[in-house]
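Single-structure report; data block below.
Below, chain A is the first sequence line, B the second, and so on; all start at residue 1.
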Number of protein chains: 2
Amino acid sequence: MVTIKQVAKRAGVSFKTVSRVVNNDPTVKEENRVKILAAIEELGYQPNLAARMVRKKNSDVIGFISDEISTTPASVDILRGAQDRAWELGKTLMVFNIDPKKPSASNLLEQCRQHRAEGVVYGAMYHQPVKLPVQFDQQPLVMVNCFDPNQQRAAIIPDDEQAAYDVTLQLLNKGYKRIAFLNLNPKIVAAKLRLSGFLTALKEFSIDDDQYVVESVEKVVEGRTIDITREVADRVITEFKPDAILCGKDLVALSLYFVLERRDLRVGHDIGVASFDDWDCIPQILVPSLSSVALPYYQMGRASVTRLVNLISGKQTSLATERVKCQLSSRESF
Amino acid sequence: MVTIKQVAKRAGVSFKTVSRVVNNDPTVKEENRVKILAAIEELGYQPNLAARMVRKKNSDVIGFISDEISTTPASVDILRGAQDRAWELGKTLMVFNIDPKKPSASNLLEQCRQHRAEGVVYGAMYHQPVKLPVQFDQQPLVMVNCFDPNQQRAAIIPDDEQAAYDVTLQLLNKGYKRIAFLNLNPKIVAAKLRLSGFLTALKEFSIDDDQYVVESVEKVVEGRTIDITREVADRVITEFKPDAILCGKDLVALSLYFVLERRDLRVGHDIGVASFDDWDCIPQILVPSLSSVALPYYQMGRASVTRLVNLISGKQTSLATERVKCQLSSRESF
DNA sequence: AGACAAATTGACAACGTTGTTTATTCAAAT
DNA sequence: ATTTGAATAAACAACGTTGTCAATTTGTCT
């Protein structure tokens with residue numbers, strides 16, 4: 001590999017002067033600058049970041065540790081967001097492992113420290129509480145799409161409550177009155193928050209005594225989880241006769257579409273449907289297209305890096321949890 | 001940060017002896033080794049990889065550059081596979097950017113070189129030819145899920161032809177005879193290969209003059225691509241009366257299910273359905289569940305790193321394209 | 001021309017490691 | 001008791017860079 005000294009020799013100056021040019025030090029004669037830049041170009045010189053880091057003692061590296069990929073691959077967007085923001089701030093994101101089943105989180109943290117990462121973003125694949133090992137205290141840390149059960153760590157999470165509140169309000173404003181909610185399993189954080197947002201919205205329209213909430217469209221049989229959306233939806237429609245159904249995720253809406261098709265209920269006409277996730281192409285491939293609340297993964301990824309860099313620089317030291325707004329993608333289903 | 005010298009002081013030995021312990025050099029008295037390990041533990045020493053790298057001149061870093069995320073987020077699995085394999089081989093994968101719309105591929109490559117990455121994996125989000133800028137010649141390179149149009153670069157791609165051949169053969173073996181193929185746009189590499197595999201399988205059963213291939217289930221209207229799967233499927237069923245339909249991707253199968261539902265054709269009974277992608281939960285949420293050929297993203301990710309490390313070490317210098325087998329996930333739809 | 005300040009450059013140390021060479025310790029062999 | 005040789009440890013240089021400070025060059029003013 002080409003070093004700064006080789007460039008210096010080629011340009012006929014001391015290697016220190018080359019260093020100055022590389023670091024945009026203004027105290028270099030224009031004539032020399034031109035010569036040096038030419039030499040850099042000719043030799044294809046690239047500064048050795050490792051050597052620079054040893055000397056300067058800052059790495060500009062941020063570690064990104066994430067737990068296992070789950071059923072929501074859209075959450076790679078967290079990574080995209082983090083990456084983009086890191087780039088903007090002149091940092092390199094080191095993604096240490098995406099599926100650390102074998103290497104434990106602490107192992108990954110060790111790697112981060114060996115690379116002298118200035119801080120760590122810990123991302124989860126769905127919104128949940130995560131109790132991190134004590135080792136994570138040793139450097140600036142931001143949790144994204146997850147949070148410390150004791151609120152002792154900076155966290156960026158989606159505002160599920162606002163999301164449910166907003167979409168419910170929009171349904172109500174369009175005149176829907178009997179809204180059923182096929183919610184996710186109540187053990188899921190998002191499910192609890194959304195229920196709360198849902199109920200708040202209903203209360204504002206004073207119809208909080210006339211709703212129908214289903215907790216979980218899954219059943220565990222012999223240790224295996226099976227989807228029972230269709231049965232549940234069938235029952236809800238028969239018993240409650242809703243004029244709109246809010247689904248916990250797009251896949252639930254998908255199953256619901258089949259049920260409605262069979263019952264000859266036209267979505268967006270006889271019955272309104274809304275959902276959460278706005279998952280890639282599903283909402284658009286459905287007919288009529290599905291209105292769904294997108295989870296702000298990309299924004300959260302960006303926010304996590306911004307927050308971490310502020311933490312590192314001491315500009316912002318609060319450990320408060322930051323909620324990121326969710327946006328409804330309005331389509332034809334209501 | 002704790003340095004090797006601080007550890008040495010604590011243990012009462014020269015810093016070089018600590019270095020020996022860290023690097024598992026056997027020529028250290030047991031007594032000292034114990035003392036040093038204790039000191040390392042107490043101080044929480046982590047070797048500085050940057051300093052080590054400067055001295056040893058090898059980085060154990062592999063760059064991973066990928067183009068924009070497309071409609072197949074499952075392809076993160078390429079990254080997972082690469083990461084896992086890198087870990088096994090004691091390498092660190094530096095994911096330089098997932099969505100380099102702003103920074104060009106060459107910029108990312110510069111970053112790789114500044115980090116002294118020993119080689120680069122270039123991944124595409126769907127199987128396609130990619131003409132990389134000449135700068136990519138400057139270090140070992142493996143392309144994954146894409147390939148050089150002139151075959152001048154090592155590449156790992158899915159064996160789409162085998163995939164289509166296999167699934168078609170299985171359909172035929174189960175007694176299906178009139179198979180329609182709702183293929184993807186013929187501009188897509190996978191579409192061409194799959195068509196070829198499909199036809200080869202039919203030929204083996206001597207029914208290659210009685211099939212029905214649809215090229216593309218999309219239409220471009222005023223610059224926007226719209227999905228016309230439902231119309232197309234309707235027409236195919238009416239005109240060709242197939243006993244089985246092979247779909248280009250799970251989302252096509254999804255739309256097809258709606259069409260069949262409306263026509264009261266029972267999937268897996270009146271008509272067989274198969275598809276490509278095996279995309280996350282879609283095949284399982286459908287009723288009856290969809291048999292789909294999975295693309296071997298994870299395996300390809302692993303293979304790409306294995307191949308790259310072999311290239312770097314000179315163990316394997318061939319630039320041949322490596323095809324990775326696709327596996328059918330057999331379910332209830334045929 | 002000479003003096004002086006400003007601009008520019010270079011010599012050298014330092015960062016935290018590892019490779020190489022040299023010194024020390026200690027036990028076994030004479 | 002001395003020599004030998006192996007085992008162990010230390011000293012020092014080196015990696016490619018940047019920080020510090022002294023040295024040199026250049027330009028301006030008298």
Side-chain angles (χ1 to χ4, degrees), chain A residues 1-40 43-61 90 92 110-118, chain B residues 1-40 43-61 90 92 110-118:
Chain A
M1 264 293 180
V2 183
T3 73
I4 210 171
K5 294 190 184 177
Q6 294 169 331
V7 175
K9 199 170 161 192
R10 176 77 147 239
V13 295
S14 83
F15 71 95
K16 183 64 236 230
T17 306
V18 177
S19 168
R20 277 192 262 263
V21 169
V22 171
N23 291 282
N24 288 314
D25 185 326
T27 71
V28 176
K29 232 198 307 182
E30 194 51 31
E31 178 198 337
N32 276 338
R33 180 184 304 280
V34 171
K35 261 198 300 193
I36 290 169
L37 286 174
I40 287 176
L43 299 176
Y45 167 75
Q46 295 286 348
N48 184 330
L49 290 187
R52 173 178 292 177
M53 191 201 124
V54 169
R55 185 67 240 259
K56 303 225 295 184
K57 300 183 118 185
N58 77 353
S59 63
D60 285 338
V61 165
T92 302
E110 260 176 35
Q111 283 224 16
C112 284
R113 283 220 283 285
Q114 294 187 357
H115 283 278
R116 297 299 184 265
E118 296 170 351
Chain B
M1 262 296 182
V2 183
T3 75
I4 210 170
K5 293 190 185 176
Q6 294 169 331
V7 174
K9 199 170 163 191
R10 174 77 147 239
V13 295
S14 85
F15 71 94
K16 183 63 236 226
T17 307
V18 177
S19 168
R20 276 192 266 266
V21 169
V22 171
N23 292 284
N24 289 315
D25 186 324
T27 72
V28 176
K29 232 196 305 180
E30 194 51 30
E31 180 195 334
N32 277 338
R33 180 185 303 281
V34 170
K35 261 198 301 191
I36 291 169
L37 286 174
I40 287 176
L43 299 175
Y45 168 74
Q46 294 286 348
N48 184 329
L49 290 187
R52 172 178 292 177
M53 191 203 125
V54 169
R55 185 67 240 259
K56 301 222 299 185
K57 300 181 119 184
N58 77 350
S59 63
D60 284 339
V61 165
T92 302
E110 259 176 36
Q111 282 225 16
C112 284
R113 282 219 285 285
Q114 294 187 356
H115 283 278
R116 297 298 185 264
E118 297 171 350

remark   = For A:Val22 and A:Tyr45 the tightest heavy-atom approach is CG2-CE2, 3.9 Å
request  = Please report, rounded to the nearest Å, how far the C1' atom of D:dG19 is from the CD1 atom of A:Ile4.
outcome  = 13 Å
remark   = Test side-chain contact (heavy atoms from CB on, under 4.5 Å), reference B:Val13, set B:Val18, B:Val7, B:Val28, output is B:Val18
task = Sorted by first residue and then second, give each salt bridge (Lys or Arg N to Asp or Glu O under 4.0 Å) pair with at least one member in residues 1-17 of chain B; sequence neighbours left out.
result = B:Arg10-B:Glu42
inquiry  = Is the phosphate of C:dC15 approached by B:Asn48 (side-chain N or O, under 4.0 Å from OP1 or OP2)?
reply    = no
inquiry  = Requiring both pairing distances under 3.5 angstrom, list the stems that contain DNA chain C and are made of three or more consecutive Watson-Crick or G-U pairs.
reply    = C:1-30 with D:1-30
ask   = B:Thr3 has a side chain; which of C:dG16, D:dG16, C:dT18 sits nearest to it?
value = C:dG16
Test side chain to side chain contact (heavy atoms under 4.5 Å, CB included) applied to A:Met1 and B:Arg113, step by step = CA-CA 9 Å; A:Met1 264 293 180; B:Arg113 282 219 285 285; 3.9 Å; yes
task = Specify the separation, in whole Å, of atom CD1 of B:Ile36 and atom C1' of D:dA10.
result = 12 Å
key: B:Arg55 side chain near D:dA14 phosphate (N/O to OP1/OP2, under 4.0 Å)   = no
ask   = Can you tell me how far P of C:dG16 sits from CD of A:Gln114, to the nearest Å?
value = 16 Å
ask   = Can you tell me if A:Arg55 uses its side chain to pair, donor with acceptor, with the backbone of A:Arg52 under 3.5 Å?
value = no
Heteroatom pairs (N/O) under 3.5 angstrom, protein to nucleotides 9-11 of chain C:
from	atom 1	to	atom 2	distance (Å)
C:dT9	OP1	A:Asn32	ND2	2.0
C:dT9	OP2	A:Lys29	N	3.0
C:dG10	OP2	A:Ser14	N	2.8
C:dG10	OP2	A:Ser14	OG	3.1
C:dG10	OP2	A:Thr17	OG1	2.8
C:dG10	N7	A:Arg20	NH2	2.6
C:dG10	O6	A:Arg20	NH1	3.3
C:dG10	O6	A:Arg20	NH2	3.4

query = Roughly, in whole Å, what's the span from OH in B:Tyr45 to P in C:dG16?
reply = 10 Å
request  = Could you tell me the separation between the CG atom of A:Asn23 and the P atom of D:dG16, rounded to a whole number of Å?
outcome  = 17 Å
Between C:dA14 (C1') and A:Arg52 (CZ): distance, integer Å = 17 Å
remark   = Smallest heavy-atom separation, A:Thr27 atom then A:Arg20 atom, equals OG1-CD, 3.9 Å
ask   = Given the rule in the salt bridge (Lys or Arg N to Asp or Glu O under 4.0 Å) test, do A:Glu30 and A:Arg33 qualify, once you have shown the distances and angles that lead to the verdict?
value = CA-CA 5 Å; A:Glu30 194 51 31; A:Arg33 180 184 304 280; 3.8 Å; yes
inquiry  = Between B:Lys5 and C:dC15, is there a contact of a side-chain N or O with OP1 or OP2 at under 4.0 Å?
reply    = no
message = Side chains of A:His115 and A:Ser59, heavy atoms from C-beta outward: is any pair under 4.5 Å?
response = no
request  = Compare every heavy atom of A:Leu43 with every heavy atom of A:Val2, then report the nearest pair and how far apart it is.
outcome  = CG2-O, 3.3 Å
query = When the distance from NZ of B:Lys57 to C1' of C:dT18 is rounded to whole Å, what number comes out?
reply = 13 Å
Spacing between B:Asn58 atom CG and C:dT18 atom P, to the nearest angstrom = 11 Å
